[in-house]
Amino acid sequence: MMYLSGERLHPHHVRAAEFDRRWRGLDPHQVYDYLDRVADELARLHRELTTANTESERIRQALRQWQSRHADCRPHGHAAGERR
């Protein structure tokens, strides 16, 4: 099985994994069934991460817009966080 250590693991890597055959080795059907489950979970996690990154970028942009709109609302002559 070849896996480059610097490369991100994707579902198709798991599904395409091949192993050397050994006498008295593991049941290949069980191994590949398990790898399919791992690949499905990896795909789900990739989708969730993409969704979370998209949402966090949307929130960052909304915060920047809000800060820009309210930049003039800050009291003048006081340092940020200073109490009167």
Side-chain angles (χ1 to χ4, degrees):
M1 180 170 129
M2 186 165 157
Y3 176 67
L4 303 174
S5 61
E7 187 178 356
R8 284 192 169 186
L9 186 61
H10 292 278
H12 67 273
H13 294 132
V14 175
R15 286 192 173 91
E18 293 187 1
F19 302 91
D20 295 333
R21 301 280 182 186
R22 299 273 191 251
W23 188 74
R24 294 179 162 257
L26 300 174
D27 179 343
H29 296 294
Q30 288 180 345
V31 170
Y32 290 114
D33 286 347
Y34 187 76
L35 288 176
D36 279 340
R37 288 182 58 204
V38 170
D40 290 344
E41 180 68 7
L42 191 57
R44 184 187 66 77
L45 293 171
H46 277 271
R47 286 190 304 273
E48 285 184 12
L49 180 59
T50 299
T51 300
N53 286 337
T54 301
E55 181 66 6
S56 71
E57 181 57 30
R58 185 192 68 74
I59 291 169
R60 265 193 296 278
Q61 288 177 1
L63 177 59
R64 283 188 205 111
Q65 290 173 354
W66 184 89
Q67 287 172 330
S68 294
R69 283 194 305 266
H70 294 84
D72 295 336
C73 298
R74 295 184 189 139
H76 297 290
H78 295 284
E82 184 179 306
R83 292 185 163 179
R84 290 182 182 197

Is any side-chain heavy atom of [X] less than 4.5 Å from a side-chain heavy atom of [Y]?
X: Arg21; Y: Pro28; result: yes
X: Tyr34; Y: Val14; result: no
X: Thr51; Y: Glu55; result: no
X: Asp36; Y: Arg15; result: yes

> What's the shortest heavy-atom distance between Leu42 and Pro11, and which atoms?
Replying inline: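 Between these two residues, the closest heavy atoms are CD2-N, 3.7 Å.
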> Would Arg44 and Glu48 pass as an ion pair if we require N to O under 4.0 Å?
Replying inline: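 Looking at Arg44 and Glu48, the cut-off is met.
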>> In terms of relative ring orientation, are His10 and His12 parallel, tilted or perpendicular, with 30° and 60° separating the classes?
In response: parallel
Supply the atom-to-atom distance [X] [atom1] to [Y] [atom2], rounded to the nearest 0.5 angstrom.
X: Ile59; Y: Thr54; atom1: CD1; atom2: OG1; answer: 11.0 Å
X: Leu45; Y: Glu41; atom1: CG; atom2: CD; answer: 4.5 Å
X: Arg47; Y: Thr50; atom1: CZ; atom2: OG1; answer: 9.5 Å

>> Any donor-acceptor pair under 3.5 Å linking the side-chain atoms of Gln61 with those of Glu57?
In response: yes
>> Looking at His70 and Trp66, would you say the former's side chain and the latter's main chain have a donor-acceptor pair under 3.5 Å?
In response: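 The answer is yes, because a donor-acceptor pair under 3.5 Å joins these two groups.
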